[in-house]
Number of protein chains: 2
Amino acid sequence: MDYIKLLKENNLKATPQRLTIVEELALNGHLNIDQIYKALQDKFPSISLATIYKNIHTMLDISFLNEVKIPNKKSVYELHKEEHSHIVCSKCNMIVDINLDISPLLKEASKISDFKLFESSVIFNGLCHNCK
Amino acid sequence: MDYIKLLKENNLKATPQRLTIVEELALNGHLNIDQIYKALQDKFPSISLATIYKNIHTMLDISFLNEVKIPNKKSVYELHKEEHSHIVCSKCNMIVDINLDISPLLKEASKISDFKLFESSVIFNGLCHNCK
DNA sequence: CTGACTGCAAACGTTTTGCACGGTA
DNA sequence: TACCGTGCAAAACGTTTGCAGTCAG
């Protein structure tokens, strides 16, 4: 994947720091602020937390990234992709994406509540294959 | 509902401040820290934010309350009840509870992911009857 | 009467801001 | 070259802690 191009298409300069954040997220799927910070310290020993925060926010603002708020855990960030659900292992904290057809649920919810629904956040937690 | 009794059953003293937090949550359903703080200032002009935080945490610890982490919003707190989903209005911020049968989704997720699943957090957002 | 709770003030960790410098386009 | 992005330091913010006094049981 050409992240340099992708960043430029979003009017963001492809600085080495920013590019590495994106690559780390592509590689790891979901990382919290501290994990991103630590992941960049090898390549950029003088990287600043402020830089991480600023980058995360500019990329959130243009929906290049998504924030995932997980019950009882720190928020993690992921590259934006189609809507999907998340499963979190309570023991090892592994997070996996899963595609579920939630449209029947949405339909039902919209009927009962009389809301016009746009988005959904579905997060399961349990124990992964290794931890269970 | 006799919240005094309910608090005592949970080994918590029924102080006026604590009781009022519970009553406000019973009345409003879902409130964030600031809203609780403001709601108590009428009755207790010298109420401290520390008191709110301490109470919320003691009541979370014994699962007398639940925290609901909502995407792009502050966390809100609710009295503990059976597992249910939430719908949030993006415009007026109203939050409503909804009972949906998510067991087919859980089953599917568990099959695909090979996780043993315990809990789920399902939050929809859209526009409520008045805002849409 | 005793331990739990409150309110205040200080401390803490996280996130944001301002600014001078440096690097991308 | 122009401007965006970085890194540092300081500030702001939300939350937690310690403590002395108070209150519920």
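The sequence lines fix the lettering, A, B, ..., with proteins before strands; numbering per chain opens at 1. Computation of the quantities below employed the complete heavy-atom set of this structure, encompassing side-chain atoms and omitting hydrogens, waters and symmetry-equivalent molecules.
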Hey, what do you get for [atom1] ([X]) to [atom2] ([Y]), rounding to the nearest 0.5 Å?
X         : Y        : atom1 : atom2 : value
Tyr77(A)  : Gln35(A) : OH    : CD    : 11.5 Å
Leu127(A) : Ser90(A) : CG    : OG    : 5.5 Å
Thr51(A)  : Ile56(A) : OG1   : CD1   : 11.5 Å
Met59(B)  : Asn66(B) : CE    : CG    : 12.0 Å

Is the shortest side-chain N/O distance from [X] to OP1 or OP2 of [N] below 4.0 Å?
X        : N      : answer
Thr15(A) : dT6(D) : yes
Thr51(B) : dG7(C) : yes
Gln17(B) : dG7(C) : yes
Asn55(B) : dT6(C) : yes

What integer distance in Å separates [X]:[atom1] from [N]:[atom2]?
X        : N       : atom1 : atom2 : answer
Lys8(B)  : dA24(D) : NZ    : C1'   : 8 Å
His57(B) : dT6(C)  : NE2   : C1'   : 17 Å
Lys13(B) : dC1(C)  : NZ    : P     : 15 Å
Arg18(A) : dT6(D)  : CZ    : C1'   : 10 Å
Phe44(A) : dG5(D)  : CZ    : C1'   : 12 Å
Met59(A) : dG5(D)  : CE    : C1'   : 12 Å

With distance as the sole criterion, do the side chain of Lys54(A) and the base of dG18(C) form a donor-acceptor contact below 3.5 Å? yes
Looking only at the side chain of Ile47(A) (C-beta and beyond, no hydrogens), which of the listed nucleotides dA25(C), dG7(D), dA4(C) gets closest? dG7(D)
Walking DNA chain C from its 5' end, the first of Leu12(B) and Leu49(A) to be reached, judged by nearest nucleotide, is Leu12(B)
Ala14(B) or Ile33(B): which one's nearest nucleotide on DNA chain D is closer to the 5' end?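 Mapping each residue to its closest nucleotide by heavy atoms, the 5'-most match is Ile33(B).
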